[in-house]
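Below is one structure, written out as structure tokens; the observations come after it.
Here the structure is a predicted model, which means the values were calculated and not measured. A, B, ... follow the sequence lines: proteins, then strands. Residue 1 opens every chain.
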Protein chains: 2
Amino acid sequence: MAKETKNTLRDSVYSSLKAMIVTGQIPPGSRVTESDIAAKLNVSRTPVREAFNRLERDGLVTGRPRQGYVVTEFDISMFREAFEIRELLDGHATELAAAVATEQDKARLRAILTECERLAAIPDRTTREKFQELEAGIDLHRVIAQISGNVMLHGMLCGILDKCQHYVWTELLWLDEWKIARDEHAEIVDAICAGDASRAGTLARAHVRGSRDNVLRLLQAKSDYQSFLAKAS
Amino acid sequence: MAKETKNTLRDSVYSSLKAMIVTGQIPPGSRVTESDIAAKLNVSRTPVREAFNRLERDGLVTGRPRQGYVVTEFDISMFREAFEIRELLDGHATELAAAVATEQDKARLRAILTECERLAAIPDRTTREKFQELEAGIDLHRVIAQISGNVMLHGMLCGILDKCQHYVWTELLWLDEWKIARDEHAEIVDAICAGDASRAGTLARAHVRGSRDNVLRLLQAKSDYQSFLAKAS
DNA sequence: ACACTCAAAATTGTATACAAGATAGCATGC
DNA sequence: GCATGCTATCTTGTATACAATTTTGAGTGT
């Protein structure tokens, strides 16, 4: 069941698990046991353990000694923290990217935008196509960070995005506000292509703040609804 | 030889190794083998492997499949990247800290400053005492990040500081410029205690830039000297 | 003296066996 | 009916055996 037989089993187990968590196939709060995963992937527990270690370091699962691992659940405050950091890092990365982007880089960004528009324009599109659009939108930020040239910055931003992504998949997917992000993405790419670092940075920071407000509002509403249900029962 | 028998061997191996790397006992570029560490710590290879996985995720060691692990060597560009990120994160953390610090927090910061001054004032001090002052100076930043209340921010900053620390120990130790940092630290703590978030942030960012310039100048000089030696031979 | 080949040693990757601790369920006593 | 304690089971923690791969070094041929 391992997607691709890479160099080591540990790596492919890690990739498989990470993909399953990030896409929400294994939802937050799920208990994951070494034996189950090992059996499912037809490997021994050893590579699974090592994959778990790395995932724990990534913050995707949390484990307490001798009590097993659980897919990390984000609460509202963790989201607030994550977006606060993203505003700093993403803003800076976008500034840098605008300053150093080559023509090839710019073409790459425009291609992602085009793909987003194409997916958005499909009438009566499937869930899968919605997923793809969201994925591409997140990827835009990853690519911008990569273009910035600061490898460490790129790595840290990817880490944060991974951690938040499964919530985007499962929650944000149904929000119409997403089309706002589409416009903002286009503006950011414009600024980068124009080489206007300052404007690109400002737009990126505003974009992250906007996303944060949307996500937090949704989570708050959900939390309120759940406590309402709890009180009613 | 494991310093403290904690809950799990993996954790104590991780702590021991991390301490040895961060303090420079195992210098950057050293090859570390599982068997050696396992023998040295009187444990089997299994917990050592898991510790290595975590250390690799921390960026303290780098390993290629079937080729073993090496304590990560920082080149100049990696330092530049790290300090660029620190300027963002440290600046923001300091702003936050100034906004939310309680009296207890402020006392904690002042205590660290006092300790630094005490250690700095010792005449003919030992290397150990110099170490302790540097350690305290770095700890100040960790505590500020903790006071900020953003747990993720604190974690990320600690990660960066850990990665750079062994260089501070082995290189920066001999720089007189360190006493500049002492004054700047005092100013930052002053601003935090005064609740002046904007000033605290500005000072912190300038401080990180200053540290960066010092470190980069030193590393550049060292690199130049080494290429001079190479040419001469 | 140099290069190439092959084998042996060292090192990591994986599997499995066993130990220790935690959880859950059942039985027992009140 | 409820609480408490025990046991059985499940899960992780550790050690060790074995497989696979890389590196190193000796030896041979030119």
Mark up nucleotides 8-22 of chain D, 5' to 3', with B wherever a protein heavy atom is under 4.0 angstrom from a base atom, S wherever such an atom reaches only the sugar-phosphate, and - elsewhere.
----BBBBB----SS

If we ignore hydrogens and angles and just use 3.5 Å, is the side chain of B:Ser16 paired with the main-chain N or O of B:Ser12 as donor and acceptor?
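Yes, B:Ser16 side chain to B:Ser12 backbone: donor-acceptor pair under 3.5 Å.
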
Ignoring hydrogens and angles, tell me if any N or O in the side chain of A:Ser30 forms a donor-acceptor pair with the backbone of A:Ile26 under 3.5 Å.
no

Pairs touching residues 142-153 of chain A that satisfy side chain to side chain donor-acceptor pair (under 3.5 Å), sequence neighbours left out
A:Arg108-A:Gln146, A:Asp139-A:Arg142, A:Arg142-A:Asp162, A:Arg142-A:Gln165

With a 6.0 Å cut-off on ring centres, are A:His141 and A:His154 close enough?
no

By side-chain hydrogen bond (donor to acceptor under 3.5 Å, both in side chains) - contacts of B:Arg86 (at least two apart)
B:Asp90

